[in-house]
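Everything on this sheet refers to the single structure shown next.
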Amino acid sequence: MTHPPRAGLPALEDRPHAVIVGSGFGGLAAAVRLGARGYRVTVLEKLDQPGGRARVFREGGFTFDAGPTLITAPHLFEELWEICGRRMEDDVAVRPLDPFYTIRFDDGETFRYSGDTDAMRAEIARLAPDDLAGYETFMAASEEICRVGFEELGHVPFASISDMLRVAPDLVRLGAQRSVYGLVAKHFRDERLRTVFSFHPLLIGGNPFSASAIYALIHHLEKRWGVHYAQGGINRLVAGIVGLIEGQGGRVRLGAPVQEILLEGRRAMGVRLESGETIRADIVVSNADSSVTYGKLLPQGTRTRWGPARQRVAQWSMGLFVWYFGTKRRYEDVGHHTIALGPRYRALLDDIFRKKHLADDFSLYLHRPSASDPSVAPDGCDAFYVLSPVPNLLGRTNWEAEAEAYRRKIEQRLAETLLPGLSDEIVVSRVLTPQDFERDYASLHGAGFGLEPVMWQSAWFRPHNKSESIENLYLVGAGTHPGAGMPGVLSTARVLDRVVPDPDQLVRSHVGA
């Protein structure tokens, strides 16, 4: 159903046209926000379903979220419904999880990580009571980093170096020049707890030993707003936001890959699809990875700060090997989220990020949504998603030759630890490798999260939300400020509220689509 425009807005066909390239959460959120401000919005998605990395696979009665599996800072999603005068709970049921994760060490010891301070203190006291004081000081530090890094700066554009210099004293005070692991090690002595409290950058593509300590804000973010799951899968959020866009009169076109962003001088004025169709626009918002936006979508020879030369010296996040599988039995002892650590931590991450060598051992993130939501699997069955961080395609792994052998090693490890008898229970199986990320999502080097979140690739040093080079071109998604992870990606769309002019202030040079 299409709702009438708000009072005071011109008819839909008379509004300035915003074309959005890609329908990941950044692009979808941008569409809602621009639509609410009075733009006529068209979202173009090359795949056959919306969501980008948040698409869904369905097979044999099983539902698998392809990418994101947990929700933090749910208020950022709720804002999108509020902007449209609606309530998210009318479309999507979101439930908190407790614990957030169960972390399983290689020796079988576990740590239940939650937002309950007393429960966390009990877990720490069980493993390393001498670190209780360190937990208190670390969480206080995380709270302050979150207040500045996320609540104050997460939706603020860094358009000039002066913006960076203005906040530099705060960043130095918060230890942003230190790594996440370095900050954690300052507060904890037990190596197991150092692992528990430093692995979070991996959730946004970062190496805990090089990612800026600013990303320690994730701990307080989770504690304050919780870790949640959308009943039916994260794809329910995608469907809900698409409904918001269509309710505003916007369009989401599937199977519409963009070949080129069209320029008039140094001004974006539309896009050309691979089919040859041309779509005129007053502004273009790219939810493609910033490396693709600047390296492939602009006309050949267009000079930009983030062109091929800069991309060659950039640091890229790791690759991801993801195995989706369904079993004909349930594993009731396995929770919703499990981090299954291997025998090595620092050395394994060194293999992945620096050496780009596919090691024989691994650490795994195991997602069992059917623990909380029976609708994602047939009766008596379980749906699983297991993710292994691996080198990106700058390494020499031949995934066409290695994928099945690697999957079998993961299967064997899970059978020996968390999922006994697994080999005889699998009824549905599918894998994604870094090569699939490069093909399906146009991820440069198959990097699962785009640019690695190190200090010199954050804030002003990251591709800007408003293009420095091309007028009327804007960027959202993991490849721009503030970065990857659903709170970060949704915040990139919030930044547009500050950098995209209101429609009535826009100097329109194009009419029609």
>> Would V238 and Q49 count as a side-chain contact (heavy atoms from CB on, under 4.5 Å) here? Give the steps.
In response: CA-CA 10 Å; V238 173; Q49 58 175 294; over 6 Å; no
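How far OG of S491 is from CE of M486: 12.0 Å, rounded to the nearest 0.5 Å. Atom CZ in R344 sits 11.0 Å away from atom CG in D106 (nearest 0.5 Å).
You'll find the ring centres of F100 and H337 outside the 6.0 Å limit. Checked against the 6.0 Å centroid criterion, the rings of H200 and Y113 qualify as a close aromatic pair. Taking the six-membered ring where the residue is Trp, the centroids of F150 and H220 are separated by 6.0 Å or more. Checked against the 6.0 Å centroid threshold, Y385 and F57 do not count as a close aromatic pair.
The number of heavy-atom neighbours closer than 6.0 Å to CG of D90, taken from other residues, nucleotides and ligands shown, is above 12.
Partners of F199 under the ring pair (Phe, Tyr, Trp, His ring centres under 6.0 Å) rule, at least two apart in sequence or in another chain, are Y101.
When the options N235, D48, D440, D65 are evaluated for a side chain to side chain donor-acceptor pair (under 3.5 Å) with R55, the one that passes is D440. Shown are L418, I339, L341; of these, the side chain to side chain contact (heavy atoms under 4.5 Å, CB included) with R104 is made only by L418.
In summary, R408 and E411 do not engage in a salt bridge, as defined by a charged side-chain N under 4.0 Å from a carboxylate O.
Remark: the backbone N or O of R329 is paired with a side-chain donor or acceptor of T327 at under 3.5 angstrom.
Both cation-pi conditions hold for R346 and Y181: the charged atom is under 6.0 angstrom from the six-membered ring centre and inside a 45 degree cone around its axis.
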